[in-house]
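Worksheet: the structure to be examined is printed underneath.
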Amino acid sequence: MKQTLKENGGLPASILWTLSIVAGITVANLYYNQPLLNMIRQDLHVSEVITNLIAMVTQIGYAMGLLFVIPLGDMFQRKKIIIINFSILIISLLSIALAPSIHVVLTASLFTGICSVMPQIFIPIAALYSKPENKGRNVGLVVSGLLTGILASRVISGIVGEIFGWREMYFIATGLMVVCAIVTTRVLPEIRPTFKGKYSELMKSLLSLLKEYPLLRIYSLRAGFAFGSFLTLWSCLAFKMGQAPFFAGSDVVGMLGLCGIAGALSASFVGKYVKQVGVRRFNFIGSGLILFSWLLLYFCGNSYVGIISGIIIIDIGMQCIQLSNQSSIFGLCPTAPNRVNTLFMTTYFVGGSLGTFLTGFAWQAAEWTGVTGIGILLAGISLLITILSGK
């Protein structure tokens, strides 16, 4: 028998764990391609620049999903939105696995990004229906599932790609989405929509929020540019590791994703001390760490010690910036948390797409030196926004 959820009434453990696990498995679809880019390039006989567009369009798709799909959760039954997303995901992932050309991969990757936004629907569910004393813990559990999915995705895809091939990874991903769709449909109850009006009115309210709250623009932009710098590293790491002196396969690139556990562990620390340390200070710390990591990756980038150290430091720096800014946006307009989060996350992933886009050309022009330059440039812009805004 389906359970009925009431605001602040408590979230059953079965639903909470389903949201957490499915969030991690779903968000993984965004990152499977990163360790596999070099293999895809060789198999489809395209250049690094073209191959790098796979990661870029996936991020663009995610940003589009955040902007156009997530607000629908206020207008329609969230369960229906989730089922439709899963259906499209299954088709798009299977299309990538069977793709005869790069054009099919790029098109399917765009839809994969658009429909992988479900964790951003799950997080508000955990916040809204948990008992007040458990909200932080339950939201943290869903976010932990999301971060675990990001970390595990690179490792799993790298190993599967090296042993079986890159297409097999997407066949597995397709099967996982089928299972997630069945489980979520059975466990998640109906949740009534809260917004009564037209979709155009809902979207116009996003623009009103963006105009009304300048701090929202500041928080979103500097986090977006920092995320662009962060993805600059992961967009071309497979190309870097495939060259001398490493000559490493996708399994090694995937294992390097485990270094991101440092960022996941630092997340709880950052979230706990944002109020004490201050948002601005955390952004200075985060930007400084990202810039330092790029210097380390440039001067020591031909050793595993340099690569691993750079990954660990850039992950911690990124968490300092993301969590300090994202945790602060909800206090700007408590009556519209979902829409505020939509604006923040959309800007965040547009920044990530920009970094991925620029990185492809930077690698083509100057390889690792060019990539380092883009990473420093985007992190520098994030730091400059903090300095000039005074916030």
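Numbers here are sequence positions counted from 1.
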Over 60° means perpendicular and under 30° means parallel, so tell me whether [X] and [Y] are parallel, tilted or perpendicular.
X: Tyr62; Y: Phe349; result: tilted
X: Trp166; Y: Tyr170; result: perpendicular
X: Phe344; Y: Tyr348; result: parallel

Could you list the residues that satisfy salt bridge (Lys or Arg N to Asp or Glu O under 4.0 Å) with Arg167, not counting sequence neighbours?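 If we apply the salt bridge (Lys or Arg N to Asp or Glu O under 4.0 Å) test to Arg167, skipping adjacent residues, the hits are Asp43.
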Please report the closest heavy-atom contact between Gly355 and Leu378, naming both atoms and the distance.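 Minimum heavy-atom separation between Gly355 and Leu378: CA-CD1, 3.6 Å.
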Ignoring hydrogens, what is the shortest heavy-atom contact between Cys259 and Ile308? Give both atom names and the distance.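 Closest pair (atom of Cys259, atom of Ile308, distance): SG-CG2, 3.7 Å.
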After noting the C-alpha distance and the side-chain angles of Ile290 and Phe230, does the key distance pass the side chain to side chain contact (heavy atoms under 4.5 Å, CB included) rule? CA-CA 8 Å; Ile290 293 176; Phe230 175 79; 5.8 Å; no
With side chain to side chain contact (heavy atoms under 4.5 Å, CB included) as the test, would you mind laying out the steps for Phe86 and Met118 before giving the verdict? CA-CA 9 Å; Phe86 272 128; Met118 281 173 282; 3.6 Å; yes
Indicate whether the side chain of Lys240 and that of Asn38 have a donor and an acceptor atom separated by less than 3.5 Å.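 No, no side-chain donor-acceptor pair sits under 3.5 Å.
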Within the 3.5 Å criterion, strictly below it, is a donor on Thr232 or Trp294 matched to an acceptor on the partner's side chain?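 Side chains of Thr232 and Trp294: no pair found under 3.5 Å.
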Please tabulate, for the side chains in residues 96-111, all donor-acceptor contacts under 3.5 angstrom to protein atoms that are two or more places apart in sequence or on a different chain.
| residue | atom | partner | partner atom | Å |
| --- | --- | --- | --- | --- |
| Thr107 | OG1 | His103 | O | 2.9 |
| Ser109 | OG | Val105 | O | 2.6 |

Got more than 12 heavy atoms from elsewhere within 6.0 Å of CZ, Phe284?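 Yes.
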Quick check: is Val350 connected to Leu216 through a chain of hydrophobic side chains (ILVMFWY, heavy atoms under 4.5 Å apart)?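 No; tracing contacts between hydrophobic side chains, which count when under 4.5 Å, never links both residues.
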Which donor-acceptor pairs under 3.5 Å do side chains of residues 156-163 form with protein atoms, sequence neighbours excluded?
| residue | atom | partner | partner atom | Å |
| --- | --- | --- | --- | --- |
| Ser157 | OG | Tyr32 | O | 3.1 |
| Ser157 | OG | Ser153 | O | 3.0 |
| Ser157 | OG | Arg154 | O | 3.3 |
| Glu162 | OE1 | Ser250 | N | 3.0 |
| Glu162 | OE1 | Ser250 | OG | 3.3 |

Please determine whether side chain to side chain contact (heavy atoms under 4.5 Å, CB included) holds for the pair Val252 and Tyr304, giving the CA-CA distance in whole Å, both sets of side-chain angles, and the decisive distance to 0.1 Å. CA-CA 11 Å; Val252 174; Tyr304 275 104; 3.8 Å; yes
